[in-house]
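So you know, we letter chains A, B, ... as the sequences are listed, proteins then strands, and number each from 1. Everything quoted here is computed from the prediction, not taken from an experiment.
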Amino acid sequence: MSNGESVERLDFIRQIVTEDCASGKWDGRVVTRFPPEPNGYLHIGHAKSICLNFGIAAEFGGRCHLRFDDTNPTKEEEEYVESIQNNVRWLGWDWGEHLYFGSDYFEPMYQWAVQLIKAGKAYVCDLTAEQTRQYRGTLTQPGRESPYRHRTVEENLDLFERMRAGEFPDGSRTLRAKIDMAHPNLNMRDPVMYRILHASHHRTGDAWCIYPMYDWAHGLEDSIESITHSICTLEFENHRPLYDWFLDQLGVYHPQQIEFARLNLTYTVMSKRKLLRLVQDGHVNGWDDPRMPTISGMRRRGYSPAAIREFCRVIGVNKFNSTVDFQLLEHCLRQDLNKTSPRVMAVLRPLKVVIDNYPDGQVEYMNAINNPEEESAGTRQAPFSKVLYIEQEDFMEDPPKKFFRMAPGREVRLRYAYFVTCTEVIKDADGNIIELHCTYDPATRGGDAPDGRKVKATLHWVSAAHALDAEVRLYDHLFTQANPEDVEEGQDFTAHLNPNSLEALTGCKVEPSLRDAEPLSRYQFERLGYFCVDPDSSSRRMIFNRTVTLRDTWAKEQQKQNS
RNA sequence: UACCCGGUGGUGUAAUUGGCAACACAGAAGGUUUUGGUCCUUCUAUUCCAGGUUCGAGUCCUGGCCGGGUAGCCA
C-alpha cells in the first residue's frame, strides 16, 4: 500500500504539464483557469474540473484563475456569480488575486475583431439565424458561402462599428470569421463571432449590444491571462481547431487546449439544464436541496470538502466517457467522516425501555468516547437513568437466526452503560410494541462483565428524561435507476424520480450534548450513520440531515433473507 | 452514412512508454471488535475483434467492430 502510494501515477494531463515544465515550453510557468458561466449552480462534475485545475496549479507551483465566462447576458445572473465563488472557496481552493470576468475583456476583443476584419478574415453577415443554418450545410454536405462574404473591408468596418453603436435590431446581423464553408468540421464554416443582443449585462450594464460567442471569446480570455493549459471537457474537442485558428490569425499568445471526459455518476443527473428543471418543477426544494448533486446541496447534506476532493482524485482523468459508481463517492465520504466526526447517540424511531431494577430518580453519567479514531477528541459524560429510548429496529419479539439484538430473555449491552435483559413486552390494543421492561446487572457498569461473559450486541440509547427532540431527514437517491436517462420512448429523465428520496422523521431523540450543535456541523450517530445539522436548525427545533449511513452488513443480511 | 475522439475486471483507473496486467470501489468468505462501524486476511480478467512487426504487444502498424461528440446568433 505504502508502495502504491509513493509511486504517484500521473493522468494524461499532468503528464503533459510535467513534460512542458521539463522542456521549458512555457518557461516553467503553469497557469490554469476554472471558467464557469454564471448561469447555474456548480455540481460535483464541476468539482472534478475545479480540483483538476486548482490541483495542477498547486502541484506545479503555478496558479489557477477563477474566471467567469459571462458572454451571454440573457442567461447569466449575479446570484450565480456569488454561489460559484462560495462553492470554490468552500471546496478549499484559493484564486488569490486572480478573479476575472470575460466581460472585462470586451473592449480588447472588439479591437481584435477589427484587426481580423482589416485582415480580410472576418465579415458582417446579414443572413438570418435560419438562413445561416441552411447555408452551413450538414454533417455530410458542405455549406454555401454567404452572399455577404465578400463585402469590402471598409463596408465591414463601418457595419461592425454601427452594430456596436446599436443601429441594428437583435438578430439582424452577425460578425463571422471567414474560414471555409466546405470544412469537414462544422465549427470552421464561417463561425459567428458576434451577435446583436440588446440586453443588459449583469456587469457591463448597457455598455454593449453586441456580445462575443464562446469560440471567439474563450481563447482570447485565455490569451489575455497568459494561461498555459486551457483544460476543458470533451465536447470542445471539435472546437480546438477554431480556438487555434483565432489565436494564430491574431498572432497573439497561444495557450494549449486540452480536453478531458466530464464526470457521470450513477443515480443522478449532471447537467445544469436538468438540475434547473428539478428546481423549477419543484421536484426538490432548491439548488441546495441535500438530494442535489450540487456543491451547495452536498454541503448541506453534510459532505466534507476533503471527501469531495479525495473523490475527485481517485476517479482520475481520462478522455473517454464513463460513469462512476455512486458508492465510490460514499466510500470517500465515509473514509473522511469516520476520521473526523464526533460520535453521539441518537434514536431515530424511539422505543421506550424501563429498567425495572434501576433506582427511581437515579442518574449516572457514563463515560463515552467522542471518536475512537481520534484520541484527542476526548470523552464526554452521557446521562443514564431508569427510563430510556432504544431504536425500534433493535428489538424483535421473534428474532430470526442471525438477529443479535434485543429479544425477550436475551442479554445485550447498552453502549458505555450496562448489560440489560428484556423481561417483558408491552403492546397497545393493535398489538404494536410500545414499551419494553428490562433488568440490568449493576456489576456491568461501563459495559463489561467482571465474570467475562459476552453479549452479541451493543445498542445505542438515550435517557428519556435528558433526551432532546429532533427532526431527522433521511435521504435516498433522487432517481431509482442507475442511469436516469435510460427511459422509454416519450419519457424524459423525470420518469425515474424516486418518490421516497426524502423521509422526514419527527420525534427523534438525541443525547443532550447536541444541544448547542452548530449549523452544518457533522456527527456520527452511532450505529446509524453520519448526520449534519441543517442550516434551518435551531435550539427550539433541531434538524439533522442524514449524510450517509454506516456500512450495514445486517441490512445486507436482511436483504438476502428477504429475496 | 462526413469529420473528430475513444475502447483494459461488475465500476473507476494504473502499467517504469515494447518486458510477470496492478490499485481502489463494489461483491463473496473469514478474523478482530463495547458501533453488525473502523481495522485485518482471502477470493474473482480471452486488455473489443482479426491480422501484422517483434525474442517479447494492453502498448507499435493495418483492417474491422463498437461507443461518444459535432449541423445555437448557448457555453
Side-chain angles (χ1 to χ4, degrees), chain A residues 1 3-5 7 9-11 15 35-37 39 69-72 74-76 125 127-130 132-134 136-143 170-176 183-189 191-197 211 213-215 217-218 232-241 259 261 266 272-273 314-332 334-335 338-339 343 345 369 372-373 402-405 413-417 446-448 454-460 524-529 549-557:
Chain A
M1 184 180 177
N3 197 14
E5 215 71 55
V7 185
R9 301 180 283 258
L10 298 181
D11 57 68
Q15 277 177 32
E37 181 189 16
N39 69 341
D69 204 0
D70 53 352
T71 57
N72 185 350
T74 65
K75 294 190 173 176
E76 296 151 8
C125 180
L127 255 28
T128 64
E130 173 60 21
T132 303
R133 189 161 59 81
Q134 286 166 354
R136 186 157 33 231
T138 70
L139 294 175
T140 51
Q141 288 171 311
D170 287 2
S172 59
R173 291 179 216 269
T174 56
L175 183 74
R176 300 176 68 180
H183 199 108
N185 182 340
L186 301 232
N187 294 126
M188 302 296 274
R189 316 240 263 228
V192 172
M193 296 164 62
Y194 279 93
R195 74 286 215 185
I196 301 173
L197 244 34
Y211 290 92
M213 297 287 290
Y214 170 87
D215 286 309
H218 203 88
C232 60
T233 45
L234 246 35
E235 68 269 28
F236 293 105
E237 235 164 0
N238 293 329
H239 294 245
R240 187 169 4 112
E259 309 86 12
T266 55
K272 283 193 206 171
R273 206 200 95 248
V314 300
I315 58 175
V317 183
N318 233 318
K319 293 198 67 161
F320 45 89
N321 296 305
S322 59
T323 302
V324 177
D325 193 332
F326 198 88
Q327 289 179 111
L328 183 56
L329 177 59
E330 292 189 327
H331 164 76
C332 295
R334 291 189 180 110
Q335 186 176 264
N338 177 50
K339 286 183 301 192
R343 270 60 169 174
M345 290 196 284
I369 296 166
E373 308 292 322
K402 291 187 179 174
F403 184 85
F404 305 143
R405 281 107 98 143
R413 173 168 38 231
L414 294 179
R415 180 143 228 226
Y416 301 128
D448 273 313
K454 302 287 182 193
V455 289
K456 292 273 275 187
T458 301
L459 309 187
H460 61 276
Q524 184 195 105
F525 289 0
E526 293 223 28
R527 303 208 302 131
L528 296 174
T549 62
L550 254 27
R551 277 188 61 211
D552 191 346
T553 50
W554 168 238
K556 275 180 201 160
E557 184 62 35

For A:P241, report the nucleic acid contact type (base, sugar-phosphate, nothing); a contact means any heavy atom under 4.0 Å. nothing
Taken to the nearest whole Å, CG/A:D11 to C1'/B:rA15 is 15 Å
| task | Could you check whether A:F326 gets within reach of a base, just the sugar-phosphate, or nothing at all, counting any heavy atom under 4.0 Å? | result | nothing
Taken to the nearest whole Å, CG/A:L10 to C1'/B:rC23 is 15 Å
* Using a heavy-atom cut-off of under 4.0 Å over every strand shown, decide if A:Q327 touches base, sugar-phosphate, or nothing. => sugar-phosphate
Intra- and inter-strand pairing of RNA chain B, written as dot-bracket with Watson-Crick and G-U pairs under 3.5 Å and | for the latter, reads .((((((..((((.....[..)))).(((((.......)))))....(((((..]....))))))))))).....
Judged by whether its glycosidic angle lies within 90° of 0, B:rU17 is syn
Requested in this report: Under 4.0 Å between any heavy atoms, over every strand shown, what does A:E259 touch: base, sugar-phosphate, or nothing? Just pick one.
Outcome: nothing
Sequence neighbours excluded, the answer for side chain to side chain donor-acceptor pair (under 3.5 Å) partners of A:N238 is none
Any N/O donor-acceptor pair, A:R527 side-chain to B:rG36 base, under 3.5 Å: no
Atom CG of A:N318 and atom P of B:rC23 are separated, to the nearest Å, by 19 Å
In B/S/- notation (B base, S sugar-phosphate only, - none; protein heavy atoms under 4.0 Å), nucleotides 68-75 of chain B written 5' to 3' is SBBBSBSB
query: Between B:rG58 and B:rG51, how far is it from one P atom to the other, in whole Å?
result: 14 Å
>> Can you say whether a donor on the side chain of A:E373 sits under 3.5 Å from an acceptor on the base of B:rG37, or the other way round?
In response: yes
Rounded to whole Å, CD1 of A:I315 lies from P of B:rA14 at a distance of 11 Å
So do A:V455 and A:F404 actually touch side chain to side chain, heavy atoms under 4.5 Å? no
When rounded to whole Å, the NE2 to P distance for the pair A:H331 and B:rG37 reads 15 Å
Ranking A:L328 and A:A417 by the position along RNA chain B of their nearest nucleotide, the one closer to 5' is A:L328
Give me the distance, rounded to whole Å, that separates B:rA50 from B:rC55 when you measure between the P atoms they each carry.
23 Å
The glycosidic conformation of B:rG72, counting syn as within 90° of 0 and anti otherwise, is syn
note: A:Q141, atom CD; B:rC3, atom P; distance rounded to Å ~ 14 Å
With sequence neighbours left out, the residues meeting side chain to side chain contact (heavy atoms under 4.5 Å, CB included) with A:N72 are A:E37, A:T74, A:K75, A:E76, A:R195, A:L197
To the nearest angstrom, the CG-P distance between A:D552 and B:rG27 comes to 12 Å
request  = Return no unless some side-chain N or O of A:R551 is found under 4.0 Å from OP1 or OP2 of B:rU38.
outcome  = yes
Fill in: Note, A:T458 side chain near A:R527 side chain (heavy atom, < 4.5 Å)
no
Item to complete: Answer with base, sugar-phosphate or nothing: what part of the nucleic acid does A:K402 contact at a heavy-atom distance below 4.0 Å?
Response: base
Residues passing the side chain to side chain contact (heavy atoms under 4.5 Å, CB included) test with A:N318, sequence neighbours excluded, are A:F320
What distance, rounded to whole Å, do you find between the two C1' atoms, one in B:rG56 and one in B:rU17? 15 Å
Requested in this report: Ignoring backbone atoms, test whether A:T323 places a side-chain nitrogen or oxygen under 4.0 Å from the OP1 or OP2 oxygen of B:rG12.
Outcome: no
Under 4.0 Å between a side-chain N/O of A:K319 and OP1 or OP2 of B:rG7, yes or no? no
If you look at every strand shown and take non-hydrogen atoms under 4.0 Å, does A:V455 touch a base, only sugar-phosphate, or nothing?
nothing
(Q) Please determine whether any donor N or O and acceptor N or O are separated by less than 3.5 Å between the side chain of A:R343 and the base of B:rU35. (A) yes
Should A:F320 be counted as stacked on B:rG6, where stacking needs a ring-centre gap under 5.5 Å and an angle between planes under 30 degrees? no
Separation of B:rC39 atom P from A:L550 atom CG, nearest Å, is 11 Å
Of the candidates B:rG36, B:rU11, B:rG12, the side chain of A:T458 sits closest to B:rG36
*asked:* Pairing donors with acceptors under 3.5 angstrom, does anything connect the side chains of A:T128 and A:E130?
replied: no
For nucleotides 41-49 of chain B, 5' to 3', base contacts (B), sugar-phosphate-only contacts (S) and non-contacts (-) with protein non-hydrogen atoms under 4.0 Å give ---------
